[in-house]
Amino acid sequence: MSESKDFLRVKVEEDLKAGKYTKIITRFPPEPNGFPHIGHAKSIYINFGIARDYQGHCNLRMDDTNPTTEDMRYVEALKDAVTWLGFEWNESVRFASDYFPKIYEYAVALVKMGKAYVDSLNEEEIREYRGTITQPGRRSKYAQRSVEENLELLERMKNGEFKDGEHVLRARIDMSAANMKMRDPLLYRIRHAHHFRTGDEWCIYPMYDFAHCLSDYIEGITHSICTLEFENNRDIYDWVLDALELTPPRPYQYEFARLGMNYTVMSKRKLLELVDGKYVNGWDDPRLPTIAGYKRRGYTPEAILNFCEQIGIAKANSMVDVAQLEFCIRDDLNKKVPRVMCVVDPLEVTIENYEGEEEIEASYYPHDVPKEGSRKLPFSNTIYIERDDFMETPPEGYYRLTPNQSVRLKGAYILTCKEVIKDENGVIKQIKAVYHPDSRSGNDTSGIKVKSAIHWVSAKHAKQVELRLYERLYKVDMPESLEDLNPDSLHVIKNAFIEPAVIEQKPDVRFQFERQGYFYADPIDYTDAKPVFNKIVGLKDSWNKKVEKKEPAEKPTQTKKVVVEGEVAPMSESELKLYDRYINELNLNSEISNILARDAKLSSFYEESLNILNSPVSLANIVANEVARELKQNEVIKFTPTQIAGLVKMIDEETISSKIAKQVFEQMVQNGENPEDIVQSKGLVQISDPNVIEPLIDEVIAKNQDNIAKYKAGNKNLFGFFVGAVLKATAGKANPKIVNQLVEQKLSS
RNA sequence: UGGGGAUUAGCCAAGCGGUAAGGCAACUGGUUUUGGUCCAGUCAUUCAGGGGUUCGAAUCCCUUAUCCCCAUCCA
């Protein structure tokens, strides 16, 4: 776990500490209507991760309440994903459909309580009656049916006596609720459809809002964690569980921001479109952000888990850079996999002064990866090098082979170009070169300095392999439609050449092809006769980047965004009158006057306190700031205008500092105690005597010499640090004004 | 005539009145038989804008702006 906790874990710890629950139970509740993607991985990591961190457990539950879209195939994909990521669900996989009988009972209970009714409006009418975002809805006339009638109708719905859409069961909540979700939400609908698990047993199916909270309750879930778009549904969640008067404890819902990633799409609809439309090759196409896709591509669970850890959990919609994911997979594979040589785009090199062949022992791992293992590299007079690794007229800073620049063949000899052979179109066909016999890797006595080492394979010994190179599926960072697809997202290289040990020894399934990237033996299409490797991710490439950057001289058009100021609603006449009085008679500033004048509760609170203490400005400040907050957050407040007046009096008389006043005020909020009593009992009278404070400052200065140095070097922000430290030493009782002055003096001397 | 969330660097993200964490990206320099890795360093006088309270504000108050979600018998 990282050092700072996310808000969900903070909540879980609070609940545990408060004894609200003794064991944490979470759940991962996908609907089995599509393949899970990296966004699900985030959710899995959160739900299973929290359960693991707090010694609880996590259930895997299929939210299968809509028989028309769901399938057992997806259930398997979901199970695979969780397992592959390394998590275990508690007991067996759960299904909301297992709870259908129980959920039906709860529906009957609700009807009996008069809290749900059978509505017989048609779909269109229901929509119409619901109203709009700005207009209240109105209740259906069927809402007046008696409990008996509702019970009978519900029973008959269940028995299949009605056609789809003839009736629905709705909760009786509030058709004019500001939250649209609360306008008598549907609980059950009739669907004469075959369910992949319950078959034809049911012809009514519970809606998400009804089934989900009850499934959570039935399983004893404590923290029901979902994505932000369900925030509006939380009210129903709470309503259903409360309305049923269930025995506690009950679960509560919390929401986090779903994962967004640039250059990729995450919606089920769009993924389905890609798969069904054959824009990709199935759900496990390595270009897809599905778990199956990443798995097929060669990603490791560790990399994905680490990614989930790195991106954090918060409530702000965000778009994570794919570079972050790519970093995670490189970071993981770097320390794990063998390095081998594979030439993607071969250029033949004939070494004119070499005869025969030999085998060179070469480690699978570079010096900085502490792993054992090596293989034999065959060497001969005809080799392939990467076409990119030779340039006839190189740009400045090019380290590789040129007619005038020798290069090391990695693990072998230094090579010098002698002649470039081209075809009739001027394309280089072959290079004639010489090697330096005394430059063999490990016992080089040639004294030749080269700028780089390039990879190569012996033409005669190399194996031909197929490489599948993947680029971003989309060409734009925020893809919307099929038109944004990158037409070049897949390159199949049929004739790459790899050193023989990879095929013959199979030291691993994942490799780093030196200087290229990480590759994975395709788990499905790979055969010994026709080896196939998927490119997982390229190596970081600072050379290519440098070359590319030279071309377009990009201008950083940083336009400062212009913020449009909106208009403030005008004040009413009476508010205006108050405002005038505050400004002109009481000398308040316009901001405070404005706040007070516009809020009847605040202004009357203010006037009352003013009757007790004639300190208009101080009172106004505290009422408009502190009191306002409490009034906003709580319906009833425990403190009185008289007490506020008492508090302000102490501030005015400098008995206490404004810092202490906040502390006192906090306690008044808690229990309505008199401020004078709080100050008395806690001994909060402020310390203003410089003779008491000065030694404390000296002590702080003595203990923080490093910060003193930084301060003197110009970091004036540190001033607050010193003041804070001194204040802390007196438990906040030192008079901050005095402390400020004294610290200032000491630091400038 | 709405309600609910959110806003800290190019991208994530801590921070809860007293020194603007960390990661990715980017950029220097060093090591390197991978233009990889690794190592050292740089990268927010400022937290969406404006005002207020305070000795002190990213944090408290007011206000404006922007973005997301809600009117499926989907989840």
Side-chain angles (χ1 to χ4, degrees), chain A residues 2-4 30-31 33 63 65-66 69 123 126-127 130-137 164-165 168 177-181 183 186 188-191 207-208 212 228-235 255 257 262 310-312 314-321 323-324 327 330 334-335 339 366-369 399-400 408 410-411 441 450 452-455 512 514-516 539-544 546 561 563-568 589-592 594-595 598 621-622 624-626 628-629 657-659 662 707 710 715-725 727-728 735-741:
Chain A
S2 58
E3 61 284 341
S4 56
E31 184 192 11
N33 68 347
D63 223 342
T65 55
N66 183 359
T69 58
E123 209 171 326
I126 285 181
R127 205 184 346 266
R130 188 147 37 215
T132 69
I133 262 163
T134 49
Q135 282 164 325
D164 284 11
V168 290
N179 179 357
M180 295 285 297
K181 296 269 177 187
R183 319 249 255 230
L186 274 62
Y188 265 98
R189 78 284 214 186
I190 300 170
R191 273 265 217 287
M207 302 292 290
Y208 164 84
H212 200 90
L228 244 32
E229 65 268 29
F230 291 98
E231 269 177 321
N232 295 314
N233 301 247
R234 189 173 60 228
D235 283 346
E255 311 86 11
N262 57 13
Q310 285 186 9
I311 57 176
K315 293 194 70 148
N317 289 315
S318 56
M319 185 66 74
V320 175
D321 194 336
Q324 188 107 24
F327 166 83
R330 284 193 200 104
N334 174 50
K335 53 198 186 237
R339 316 293 141 122
H367 63 97
D368 49 7
V369 174
Y399 293 168
R400 290 108 95 162
R408 173 170 298 279
K410 188 158 169 74
S441 188
V450 292
S452 70
I454 62 170
H455 58 98
Q512 186 196 103
E514 294 237 26
R515 307 205 303 132
Q516 318 259 15
L539 253 32
K540 259 178 83 174
D541 187 352
S542 44
W543 169 247
N544 244 337
K546 208 187 267 177
K561 63 182 153 178
V563 177
V564 185
E565 286 295 304
E567 254 171 61
V568 182
N589 71 36
S590 60
E591 181 72 26
I592 298 285
N594 202 321
I595 295 167
R598 281 172 185 276
N621 284 342
I622 203 161
N625 286 293
E626 316 302 313
R629 176 179 60 247
S657 66
S658 59
K659 188 185 178 79
K662 299 228 162 147
N707 277 344
K710 280 192 217 164
N715 187 351
K716 299 296 175 203
N717 283 348
L718 251 17
F719 189 77
F721 162 77
F722 293 111
V723 175
L727 249 32
K728 202 178 250 173
N735 182 332
K737 282 184 200 168
I738 308 278
V739 173
N740 248 274
Q741 284 171 16

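From a predicted model like this one, the values you see are computed outputs, not experimental measurements. First the proteins, then the strands, lettered A, B, ... as listed; each starts at 1.
Applying the side chain to side chain contact (heavy atoms under 4.5 Å, CB included) rule to A:Ala628 yields the partners A:Leu602; only residues at least two apart in sequence or on another chain are considered. Applying the side chain to side chain contact (heavy atoms under 4.5 Å, CB included) test to A:Ser452 and every residue at least two apart in sequence or in another chain returns A:Tyr399, A:Arg400, A:Val407, A:Ile454. Not counting sequence neighbours, the partners of A:Asn707 by the side chain to side chain contact (heavy atoms under 4.5 Å, CB included) test are A:Asn704, A:Lys710, A:Leu718, A:Phe721, A:Phe722. Residues satisfying the side chain to side chain contact (heavy atoms under 4.5 Å, CB included) criterion with A:Pro366, sequence neighbours excluded, are A:Arg339, A:Asp368, A:Val369.
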In 5'-to-3' order, the base (B), backbone-only (S) or no-contact (-) status of each nucleotide in nucleotides 33-41 of chain B, using a 4.0 angstrom heavy-atom cut-off, is BBBBB----
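The base of B:rG3 lies close enough to the side chain of A:Asn232 for a donor and an acceptor atom to sit less than 3.5 Å apart.
Between the C1' atoms of B:rA25 and B:rC16, the separation comes to 29 Å (whole Å). Here the separation of B:rU7 from B:rC47, taken at their P atoms, is 15 Å to the nearest Å.
Contact annotation: A:Asn589 side-chain N/O to B:rU53 OP1/OP2 distance is under 4.0 Å. For A:Asn717 and B:rA20, the shortest distance from a side-chain N or O to OP1 or OP2 is below 4.0 Å.
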Please produce a list of atom pairs where a protein N or O lies less than 3.5 Å from an N or O of nucleotides 55-59 of chain B.
from: B:rC55; atom 1: O2; to: A:Asn740; atom 2: ND2; distance (Å): 2.3

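By the neighbour-count criterion of 12 heavy atoms within 6.0 Å, atom NZ of A:Lys315 is densely surrounded, having more than that number from other residues, nucleotides or ligands.
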